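Beneath this line is the structure, given in structure tokens, with notes to follow.
Model, not experiment: these values are computed from the prediction. Side-chain atoms are counted along with the backbone in the values below, which use heavy atoms only and exclude waters and symmetry mates.
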Amino acid sequence: MNINLPNFNMKNLVREAGSTISRVVQLTEEKLGTTERTEYDLHFQNLAERADVTKSWTEKIVRDTESVLIPNPQNRVEDYIFEKIEKSRPKRLSNLEHLALDMIEAGGDFGQDLPYGQALIKVGQAEQKLGQCEHDFIATSGICFTQPLRKFLDGEMKTITKERGILETKRLDLDACKNRVKKARSMLGQQSAERDLRVAQAEFDRQSEITKLLLDGISTSQASHLRHLHAFIQTQVRYYKQCTDVMDQLQRELAKMGPAKPRLRINSEDVDGPPSAMQSCDSETNSIVELDSAHVELDLDDDGSAQFSAIDMGQAKALTHLLEDFDIDFDTSAITTV
């Protein structure tokens, strides 16, 4: 039985193991403060700090934006999984669409010929339009804002993090070589350590330049993020305008159906009244006197007398006509005017 084993280069394996041990020793001594370390220049430190801040805030912005677009965390996780396996996201009904379906169904059960049933159906249809606007807003916002930012995090930012890790490894190798030069006692050991030091210094310098170029590129990325932010705001403006148009249209349609009947509240019970009952014409001033335009409240005592608060003469006359419309007998002397 033949077993094909990979070809191991034992020499390289031993070298890598020795380098790893050397780095661990160097890092431990640095933590303990028993050895010196090579510090990055100030410009590089500023670039690295800006990269860390950019990464942190971009992650938060993406996470918060997705929370606004898709409040349900379970749905966000599900969408993320489908995105990773490159499958289309499942179509879900939003809360507005669930409300719309229930309103339309309730309006049908209550009766499409009745005012309340008609109103429920019209509101439900409007809620469906709002739900579709919401779906379009979520999809467009993902394309123009969250997806580009996430692509930046998964691409450019991961590359920068990887190269910074390699640079840190090169720095540990460089400092370990410096320590070996200091500790070399023989001439041969000194020459070997110095040769390793030159190689380590060259590799560190080259990796430092590569990392700096990547860090400098963050400025270009932020300019791109600004364009994506403008696109996101335009999407929001369009979404809210569409919602406003839908609600304005709904309001006009409901207004055409006529206002709701005014109600008279007697002893904490509502009684429907004719639409004309809530206003009366003052013959003296030839003006319309309205009584709250929504409801009138009065309490009837056990003997049937009405208790009123002080009202002006015009309102008293209007209240008289109102109660006549409801066929309520009362003593007008109970009304005090001011």
### Task
Determine, step by step, whether Leu96 and Glu134 satisfy the side-chain contact (heavy atoms from CB on, under 4.5 Å) criterion, reporting the C-alpha distance in whole Å, the side-chain angles of both residues, the deciding distance to 0.1 Å, and the verdict.
CA-CA 9 Å; Leu96 282 175; Glu134 183 181 15; 3.8 Å; yes
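- Using a distance-only test at 3.5 Å, with no hydrogens or angles considered, a donor-acceptor pair links the side chain of Thr169 to the main chain of Gly165.
- Ser208 and Arg171 are not linked by any side-chain donor-acceptor pair at a separation below 3.5 angstrom, with hydrogens and angles left out of the test.
- If you chain together hydrophobic residues whose side chains sit under 4.5 Å apart, Ile160 and Ile166 never meet in one group.
- With hydrophobic clusters built from ILVMFWY side chains whose heavy atoms lie under 4.5 angstrom apart, Val246 shares a cluster with Leu250.
- Of the residues Arg195, Gln190, Gln191, the one that meets the side chain to side chain contact (heavy atoms under 4.5 Å, CB included) test with Val181 is Gln190.
- Between Glu59 and Arg63, none of the side-chain N atoms (NZ, or NE/NH1/NH2) sits under 4.0 Å from a carboxylate O, so this pair counts as no salt bridge.
- Inter-residue side-chain proximity for Met257 and Lys122 is flagged as met; some heavy-atom pair is nearer than 4.5 Å.
- Residues Glu156 and Lys158 are not paired through a salt bridge, judged by the lack of any N-O separation under 4.0 Å between the basic side chain and the carboxylate.
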### Task
Test side-chain contact (heavy atoms from CB on, under 4.5 Å) on Arg198 and Glu194 and set out the steps.
CA-CA 6 Å; Arg198 288 192 294 270; Glu194 289 177 352; 4.0 Å; yes
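- A salt bridge does not link Asp64 with Lys60: every distance from a Lys NZ or Arg NE/NH1/NH2 to an Asp or Glu carboxylate oxygen is 4.0 Å or more.
- In this structure the side chain of Thr54 reaches within 4.5 angstrom of the side chain of Gln222, judged on heavy atoms.
- A 6.0 Å sphere centred on CD of Glu39 holds more than 12 heavy atoms belonging to other residues, nucleotides or ligands.
- Here the OG-CD1 distance, from Ser56 to Ile61, works out to 9.5 Å after rounding to the nearest 0.5 Å.
- Residue Glu105 qualifies as open at atom CD: its count of foreign heavy atoms under 6.0 Å is 12 or below.
- Under a hydrophobic clustering in which Ile, Leu, Val, Met, Phe, Trp and Tyr are joined whenever their side-chain heavy atoms come within less than 4.5 Å, directly or via other members, Leu229 and Phe137 fall into the same cluster.
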### Query
Which is it for Ser219 and Arg50 under the side-chain contact (heavy atoms from CB on, under 4.5 Å) test, yes or no, and what are the steps along the way?
CA-CA 10 Å; Ser219 298; Arg50 185 180 64 173; 2.9 Å; yes
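- You'll find the side chain of Thr235 stays beyond 4.5 Å of the side chain of Phe145, heavy atoms only.
- In the hydrophobic clustering of ILVMFWY residues, with side-chain heavy atoms under 4.5 Å counting as a link, Val237 and Ile138 come out together.
- Looking only at atom types and distance, the side chain of Glu203 has no donor-acceptor partner in the side chain of Gln207 under 3.5 Å away.
- Taking 4.0 Å as the cut-off between side-chain N and carboxylate O, Glu66 and Arg150 count as a salt-bridged pair.
- Counting non-hydrogen atoms of other residues, nucleotides and ligands closer than 6.0 Å to CG of Asn95 gives a total of 12 or fewer.
- Heavy-atom minimum distance, Leu174 versus Ala200: CA-CB, 3.9 Å.
- With a 4.5 Å cut-off on side-chain heavy atoms, His43 and Asp216 count as touching.
- Donor-acceptor pairing under 3.5 Å is recorded for the side chains of Thr38 and Lys178.
- Proximity of Glu127 to Leu130: side-chain heavy atoms (C-beta onward) are separated by under 4.5 Å at one or more points.
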### Task
Tell me, with the steps shown, if Leu254 and Val123 meet side-chain contact (heavy atoms from CB on, under 4.5 Å).
CA-CA 9 Å; Leu254 293 178; Val123 174; 4.3 Å; yes
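- Judged as a salt bridge (Lys or Arg N to Asp or Glu O under 4.0 Å), the pairs with a partner in residues 240-251 (not counting sequence neighbours) are, in order, Lys241-Asp245.
- Glu163 CD to Leu215 CG: the interatomic distance, rounded to the nearest 0.5 Å, is 10.0 Å.
- One distance of note links CG of Leu167 with CG of Leu172; it measures 10.0 Å at 0.5 Å rounding.
- By the rule that hydrophobic residues join a cluster once side-chain heavy atoms approach within less than 4.5 Å of another member, Ile218 and Val53 end up as members of separate clusters.
- Put simply, the side chain of Glu97 gets close to the backbone of Ser94: a donor and an acceptor are under 3.5 Å apart.
- Using a 4.5 Å heavy-atom threshold, the side chains of Thr159 and Leu214 count as touching.
- Separation of atoms OH (Tyr40) and CD (Glu168) is listed at 4.0 Å; rounding is to 0.5 Å.
- The residue from Val68, Thr146, Leu69, Thr65 that alone fulfils the side chain to side chain contact (heavy atoms under 4.5 Å, CB included) condition with Ser141 is Leu69.
- When all heavy atoms are compared, the tightest approach of Gly124 to Ala100 is O-CB, 3.0 Å.
- Atom CZ of Phe152 sits about 5.0 Å away from atom CE of Met157, to the nearest 0.5 Å.
- Here the straight-line distance linking atom OG1 of Thr140 with atom OH of Tyr239 works out to 11.5 Å at 0.5 Å rounding.
- For Tyr240, the ring-ring contact (aromatic ring centres under 6.0 Å, His included) criterion is met by no residue, not counting sequence neighbours.
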#### Entry: Working for salt bridge (Lys or Arg N to Asp or Glu O under 4.0 Å), residues Lys212 and Asp41
CA-CA 11 Å; Lys212 279 183 179 179; Asp41 60 74; 2.9 Å; yes
